[in-house]
Amino acid sequence: MVNSSRGVSRRRFLLGAAGSAALASSGRVAQALPGADRASAAGESTVPAVGPHQAGIDTPLQAAAIFTAYTLAAGTTRLEISRLMQLWTDDISRLTRGQPALGDPVPELAAVPARLTATVGFGPGVFAAAGLQRARPSWLRPLPAFTGDQLEARWSDGDLLVQLCADDPVTLAHADQVLTSTASSFATVAWQQHGFQRARGMTPEGTVGRNLMGFVDGIVNPSPGTADFDSVVWNPGRPAWLKGGSCLIVRRIRMDLGRWSSLSTRQREEVFGRTAADGSPLSGGTPHDRPDLEARDANGLSAIPLFSHVRLAAPAQPGERLLRRPFNYDSGQTPNGPDAGLIFAAYCADPDRQYVAMQRRLADHDLLSSWVTAVGSAVFAVPPGFGQGGYLGESLLRS
Ligand code: HEM
């Protein structure tokens, strides 16, 4: 058990006899705040936390994200993990509606939900601690080593993961404070990564964002609400408890933006196989037209270069598809240049079938690898959503 007096006392407060009194008073706090922020339409927007799937997967990309991995305290039991999941479920249900959490350390900051979502994942450590190894999906282990990886422990692995996304950084920081405080008697932070897209309102709704290399990133993705999306993203029930859940892969990929800036626009386009202006395939058409991998240019060469990113990322097998939910990161300038890149976050039903071969192709042959390096890697099983009265991970933890 982690020795955090704040966490323990907050947990006692939440779980003890004071619980119902806390519930009532927390409601009063929310209503009584005279200077409470009045949210704009964008600030008031909410994404329901309840449903068959966790929110934050089929949700249109928000402006900012915090990915936090936690290490369970030694000796944590299945019961304690269930407790934490119940507490997080309660926190998430309130915060995503724009209400303070129970015993919220800073209730004033809860008033602007800004499409907040919280998506929880389980690393291998949950199954070991809970004595549930038989329920662990066979793919839930670190990804194999790929050519060029320079993985650092400070960005890799973890027992639990929370992906927080919102259109506002203050909302996000507050949700992180609440969830990390709730976790503090069960787990410590292993790593945290902050990512961003363009701020909401800066481009028309639905615009696909750009990465820090300047390219439109996220064009080819399954569309939520389609049978295609369902088959790419949601686990069909292998193992049974994970039905309606997913797998989240988080790779921290550093970009060498200094060297990238010395390339011409044409050279950059050949690396990706799409135009810099709007992301149209180099084979022609509009951004949403499929790249024609057979097309030739005037010289008879492949219009989409043989070692370009989109050619190598295109599925070599029918099921080799992902939902990409990437965020940029920029940790600032250093004496060695900018520390910036992409938090490549992707969801799929089964990474062994849908991800590993694609990543190997990219690592071995993609022109892009000359300017990007994976420095972090983690894989999580994302349990299905929860209904009213239910809690995160219930189908696993009650089994
Ligand atoms: C810093 C690293 C990366 C950057 C900057 C990047 C950027 C891009 C860009 C600009 C596109 C074209 C537009 C689009 O469809 O979104 C693209 C497509 C794609 N990328 Fe990446 N990507 C990176 C890493 C990865 C990784 C690690 C994977 C998976 C292992 C991946 C998988 C894909 C897929 C599946 C597509 C769509 C391919 C298709 O046309 O079918 N990318 N990426």
Side-chain angles (χ1 to χ4, degrees), residues 61 143-144 146-151 193 195 197 207-223 228 232-233 247-257 259-260 263 265 268-283 285-293 295 303-305 307-330 338-348 351-379:
L61 217 57
L143 291 169
F146 298 106
T147 309
D149 280 2
Q150 290 182 24
L151 302 185
Q193 306 189 36
Q197 289 280 347
T207 304
V208 181
R210 286 183 187 261
N211 59 48
L212 295 179
M213 291 174 140
F215 278 72
V216 182
D217 194 337
I219 300 173
V220 176
N221 246 346
S223 300
D228 177 55
V232 171
V233 175
C247 164
L248 168 61
I249 299 156
V250 185
R251 304 268 292 175
R252 185 177 180 87
I253 305 179
R254 200 178 58 218
M255 295 172 170
D256 189 343
L257 292 177
R259 282 178 51 245
W260 181 252
L263 298 188
T265 301
R268 295 178 190 187
E269 291 177 331
E270 286 175 351
V271 169
F272 283 108
R274 287 182 177 265
T275 66
D278 64 3
S280 300
L282 293 185
S283 50
T286 67
H288 285 284
D289 287 332
R290 295 289 316 182
D292 177 357
L293 300 178
I304 311 266
F307 299 103
S308 63
H309 184 66
V310 295
R311 179 183 287 276
L312 292 163
Q317 304 294 330
E320 221 179 67
R321 310 259 315 283
L322 306 168
L323 170 71
R324 293 177 291 136
R325 261 186 131 259
F327 289 90
N328 302 306
Y329 76 85
D330 183 356
D339 179 11
L342 192 73
I343 304 172
F344 177 89
Y347 288 88
C348 61
D352 282 353
R353 196 168 50 82
Q354 296 171 248
Y355 180 88
V356 173
M358 176 198 300
Q359 174 65 80
R360 193 164 282 137
R361 258 193 330 270
L362 293 176
D364 289 342
H365 303 296
D366 188 1
L367 283 172
L368 182 61
S369 328
S370 303
W371 294 274
V372 302
T373 309
V375 295
S377 181
V379 181

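We count ligands from 1, going down the list as the structure has it; atoms in each ligand are counted the same way.
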**Q** In the structure I gave you, are the side-chain heavy atoms of Asp339 and Tyr329 within less than 4.5 Å of one another anywhere?
**A** yes
**Q** Yes or no: does Arg290 have any heavy atom under 4.0 Å from an atom of ligand 1?
**A** yes
**Q** Can an N or O of Leu368 be found at a distance shorter than 3.5 Å from an N or O of ligand 1?
**A** no
**Q** With side chain to side chain donor-acceptor pair (under 3.5 Å) as the test, pick out the partner of Glu320 among Arg353, Arg361, Gln354.
**A** Arg361
**Q** Who gets closest to atom 5 (C) of ligand 1 by heavy atom: Ile219, Asn211, Leu143?
**A** Asn211
**Q** Looking at Val216, which atoms of ligand 1 are within less than 4.0 Å of one of its heavy atoms?
**A** 10 (C), 13 (C)
**Q** Is Gly279 in contact with ligand 1, taking contact as a heavy-atom separation below 4.0 Å?
**A** no
**Q** Nearest non-hydrogen contact with atom 17 (C) of ligand 1 belongs to which option: Arg268, Arg210, Met255, His309?
**A** His309
**Q** My understanding is that we take every heavy atom of each candidate and find the minimum distance to atom 25 (C) of ligand 1. Doing that for Phe344, Trp260, Tyr355, which one comes out nearest?
**A** Phe344
**Q** With Arg321, which of Val220, Asp228, Asn221 fulfils side-chain contact (heavy atoms from CB on, under 4.5 Å)?
**A** Asp228
**Q** Among all protein heavy atoms, pick out the one at the shortest distance from atom 32 (C) of ligand 1; state its residue, atom name and that distance to 0.1 Å.
**A** Arg324 CD, 3.9 Å
**Q** What do you reckon, does Gly341 put a non-hydrogen atom under 4.0 Å from ligand 1?
**A** no
**Q** Heavy-atom pairs closer than 4.0 Å: do any link ligand 1 to the side chain of Asp217, the backbone, both, or neither?
**A** both
**Q** Would you kindly specify which portion of Arg321 sits under 4.0 Å from ligand 1, judged on non-hydrogen atoms: side chain, backbone, both or neither?
**A** neither
**Q** Distance to 0.1 Å, residue and atom name: give those for the protein heavy atom nearest to atom 1 (C) of ligand 1.
**A** Ile253 CG2, 3.5 Å
**Q** Taking all atoms of both residues into account, what is the closest heavy-atom pair of Asp366 and Ser369, and its distance?
**A** O-OG, 2.7 Å
**Q** Which residue and atom name correspond to the protein heavy atom nearest atom 16 (O) of ligand 1, and how close is it?
**A** Gly218 N, 2.5 Å
**Q** Examine distances only and state if a side-chain atom of Thr147 and a backbone atom of Ala363 form a donor-acceptor pair shorter than 3.5 Å.
**A** no
**Q** May I ask which of Pro315, Ala313, Pro291, Ala276 has a heavy atom nearer to atom 33 (C) of ligand 1 than the others do?
**A** Ala313
**Q** Which ligand 1 atoms are under 4.0 Å away from a heavy-atom of Ala314?
**A** 41 (O)
